[in-house]
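A short write-up of the structure that comes next.
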There are 2 protein chains.
Amino acid sequence: MNKKQLIAKLSGSLNLSKADAERTFDTITNTILEALKGDDSVKIAGFGTYKVAKRKARVGRNPRTGEQIQIAASQKVKFLPAKALKEVFNR
Amino acid sequence: MNKKQLIAKLSGSLNLSKADAERTFDTITNTILEALKGDDSVKIAGFGTYKVAKRKARVGRNPRTGEQIQIAASQKVKFLPAKALKEVFNR
DNA sequence: TTACTATATGCAAAAACTGCATACCCCATT
DNA sequence: AATGGGGTATGCAGTTTTTGCATATAGTAA
């Protein structure tokens, strides 16, 4: 399912125009992003937690040439599924 | 930030009551979950992709006792941040 | 059409996972 | 509003899993 299809579904179940559904959706993702930018994690009960994970610098490799490359430290957004979410998929 | 705080923020920016903001939010997460249950991944451009990752059974270990343990196969929801999302945190 | 995303490659090192106790913070119920 | 219970974070070690490097292409999405 892609974003367009998701918006279409939401438009139906939320009884909103597609444009409004999309605005609503974007507002939510942006709010989550803003919180994460402020170095805060976002916990959503029954769904999961978004947090910014810091990754250390390390040695990588160019798969084409085999050449070693230094990879800088970085950050990425991690999503940890809530317990309830795991259970849905493990029964 | 927890769900309650997120809902409060959304209530403001979406100009909805907190109850409506929560219903809207829950509808979205449920829609995503339903899609994932159907073994589908959910791609949201500019944000990320949710997908169900299947993990094979394997041998683990109790870190306290060192004892070997059989770990059953399982599934978990994985979130892969979109390119744009990574860039936000790596500049 | 333009932009993004998945894939595929080899490989080193980071990170996740396991059980379990403790501490803590939410959340729902009283 | 207060309280109890439950989910979640943490730390531990060792093995498994994931990550992410360059880059072109194919497929998909905006």
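Chain identifiers are assigned alphabetically (A, B, ...) following the order of the sequence lines, protein sequences preceding nucleic acid strands; residue numbering begins at 1 within each chain. From a predicted model like this one, the values you see are computed outputs, not experimental measurements.
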Atom [atom1] of [X] and atom [atom2] of [N]: how far apart are they, to the nearest Å?
X       : N      : atom1 : atom2 : value
B:Lys83 : D:dA30 : NZ    : P     : 16 Å
B:Lys51 : D:dT18 : NZ    : C1'   : 14 Å
A:Gln68 : D:dA22 : CD    : P     : 14 Å
A:Gln70 : D:dA22 : CD    : P     : 12 Å
A:Phe47 : D:dT8  : CZ    : P     : 13 Å
A:Met1  : D:dA29 : CE    : C1'   : 15 Å
B:Lys56 : D:dT15 : NZ    : C1'   : 17 Å
B:Asn90 : D:dT19 : CG    : P     : 15 Å

If hydrophobic clusters are built from ILVMFWY residues whose side chains come within less than 4.5 Å, do A:Leu80 and A:Tyr50 share one?
no
Would you say A:Ile71 ends up clustered with A:Val77 if hydrophobic residues are merged whenever their side chains have heavy atoms under 4.5 Å apart, either directly or through other cluster members?
no
When rounded to the nearest 0.5 angstrom, what distance separates CZ in B:Phe89 from NZ in A:Lys54?
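Between B:Phe89 CZ and A:Lys54 NZ, I get 9.5 Å after rounding to 0.5 Å.
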More 5' along DNA chain D: B:Lys86 or B:Val59, using each one's nearest nucleotide?
B:Val59
Sugar-phosphate, base or nothing in reach of [X], heavy atoms under 4.0 Å:
X       : answer
A:Ala53 : nothing
B:Thr49 : sugar-phosphate
A:Ala84 : nothing
B:Gly66 : nothing

Given the rule in the side chain to side chain contact (heavy atoms under 4.5 Å, CB included) test, do A:Phe79 and A:Leu85 qualify, once you have shown the distances and angles that lead to the verdict?
CA-CA 12 Å; A:Phe79 175 73; A:Leu85 189 44; 4.1 Å; yes
Any salt bridge linking A:Asp26 with A:Arg23? Criterion: basic side-chain nitrogen under 4.0 Å from a carboxylate oxygen.
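No.
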Contact nearer the 5' end of DNA chain C, comparing A:Ala57 with B:Gly48:
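On the 5' side of the pair lies B:Gly48.
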Through what angle, rounded to 10 degrees, does the axis of the helix from C:dT1-D:dA30 to C:dT30-D:dA1 turn between its ends, using five pairs per end?
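Both end axes considered, the difference amounts to 140°.
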Side-chain donor or acceptor of [X] paired with backbone N/O of [Y] under 3.5 Å:
X       : Y       : value
A:Ser11 : A:Ile7  : no
B:Asn2  : A:Lys43 : no
A:Asn90 : B:Ser74 : no

Would you check, one step at a time, whether the test side chain to side chain contact (heavy atoms under 4.5 Å, CB included) holds for B:Lys18 with B:Glu22?
CA-CA 6 Å; B:Lys18 285 187 184 175; B:Glu22 182 158 15; over 6 Å; no
Per-nucleotide protein contact string for nucleotides 17-30 of chain C (B base, S sugar-phosphate only, - none; heavy atom under 4.0 Å):
SBBB-----SS---
